[in-house]
Amino acid sequence: QVQLVESGGGLVQPGGSLRLSCAASGSILRINAMGWYRQAPGKQRELVARVTSGDSTNYADSVKGRFTISRDSAKNTVFLQMNSLKPEDTAAYYCNADVQPTTRWFSSNYWGQGTQVTVSS
């Protein structure tokens, strides 16, 4: 029905930057919100940033001022620009979308496969 494909992870030195992308495809009627979560080894998955269809955004306190979420609604794509990366940002980053498929009357939550971000010297 709905697929989320992430790209842009990798290895970066502290202080560096990375840009993650996530494209949603499939039988999409409406996307209500898209966002990024992350999960480090031994820790719970946590919200990093989220943007709604009305362009309202929210961020985890730990990334405010360093990360910026944006979207291209025409391409059903969300981006996460990550600057001033720290070792503690190391985690698997997962794209998340609240989507109403064309085949349903209601929205559901969808997840991507995840992309690894490693911040290390």
Side-chain angles (χ1 to χ4, degrees):
Q1 290 188 2
V2 176
Q3 299 82 37
L4 302 180
V5 178
E6 303 122 329
S7 61
L11 173 64
V12 64
Q13 292 186 343
S17 298
L18 281 176
R19 188 184 194 222
L20 305 183
S21 300
C22 172
S25 62
S27 304
I28 297 171
L29 178 62
R30 181 174 60 247
I31 297 178
N32 299 309
M34 296 186 77
W36 292 92
Y37 287 71
R38 67 186 180 186
Q39 188 168 19
K43 294 188 177 181
Q44 289 189 332
R45 190 172 296 190
E46 62 175 0
L47 173 68
V48 177
R50 185 173 182 266
V51 59
T52 68
S53 58
D55 288 324
S56 175
T57 59
N58 60 297
Y59 295 89
D61 288 342
S62 59
V63 307
K64 285 180 180 177
R66 299 189 297 123
F67 292 9
T68 302
I69 191 168
S70 60
R71 69 187 185 100
D72 182 337
S73 58
K75 297 181 179 179
N76 292 336
T77 299
V78 66
F79 306 96
L80 185 68
Q81 179 66 42
M82 304 185 293
N83 298 328
S84 302
L85 282 160
K86 303 176 181 180
E88 50 263 44
D89 294 317
T90 296
Y93 283 70
Y94 296 90
C95 180
N96 174 268
D98 182 61
V99 178
Q100 183 180 353
T102 57
T103 54
R104 295 181 181 176
W105 292 100
F106 53 89
S107 300
S108 297
N109 230 17
Y110 295 87
W111 292 93
Q113 296 280 5
T115 184
Q116 180 66 34
V117 171
T118 302
V119 184
S120 175
S121 55

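Computed from heavy atoms alone, side chains included, the values below leave out hydrogens, waters and symmetry copies.
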Can any side-chain N or O of [X] pair as donor or acceptor with the backbone N or O of [Y] at less than 3.5 Å?
X	Y	result
E6	C95	yes
S84	R66	no
R71	S53	yes
T77	K75	yes

Check: Are side-chain N/O atoms of R38 and S62 paired as donor and acceptor at under 3.5 Å?
Finding: yes
Check: For the atom pair CD (Q1) and OG (S108), what is the distance rounded to the nearest 0.5 Å?
Finding: 7.5 Å
Note to self: Nearest 0.5 angstrom please: R30 CZ to Q100 CD, how far?
What the structure shows: 4.5 Å
Notebook entry, point to check: Minimum heavy-atom separation for S107 to N32, with atom names?
Noted result: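 The pair with the smallest heavy-atom distance is OG-ND2, 2.8 Å.
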Residue pair [X] / [Y], side-chain heavy-atom distance below 4.5 Å:
X	Y	value
D98	I31	no
V12	T118	no
N58	L47	yes
L85	L18	yes
S120	P87	no

Note to self: side-chain contact (heavy atoms from CB on, under 4.5 Å), that's the test. Do T90 and V117 meet it? Break it down for me.
What the structure shows: CA-CA 5 Å; T90 296; V117 171; 5.9 Å; no
Next item on the list: Please indicate whether E88 has more than 12 foreign heavy atoms, meaning atoms of other residues, nucleotides or ligands, lying under 6.0 Å from its CD.
Entry: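 More than 12 within 6.0 Å, yes.
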Notebook entry, point to check: Quick one: which of T68, D89, L20 gives a side-chain contact (heavy atoms from CB on, under 4.5 Å) with M82?
Noted result: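 It is L20; the other options fail the test.
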Next item on the list: Among V99, N109, N76, T102, find the one that has a side-chain contact (heavy atoms from CB on, under 4.5 Å) with V2.
Entry: V99
Under 3.5 Å, which donor-acceptor pairs do the side chains of residues 21-29 form with other protein atoms, sequence neighbours left out?
from, atom 1, to, atom 2, distance (Å)
S25, OG, Q3, OE1, 3.4

Next item on the list: Any pair with a residue in residues 51-110 that passes ring pair (Phe, Tyr, Trp, His ring centres under 6.0 Å), sequence neighbours left out, goes on the list, sorted by first then second residue, please.
Entry: none
Margin query: Applying ring pair (Phe, Tyr, Trp, His ring centres under 6.0 Å), can you list everything that pairs with Y37, at least two apart in sequence or on another chain?
Written below: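 Y37 satisfies ring pair (Phe, Tyr, Trp, His ring centres under 6.0 Å) with W111 only.
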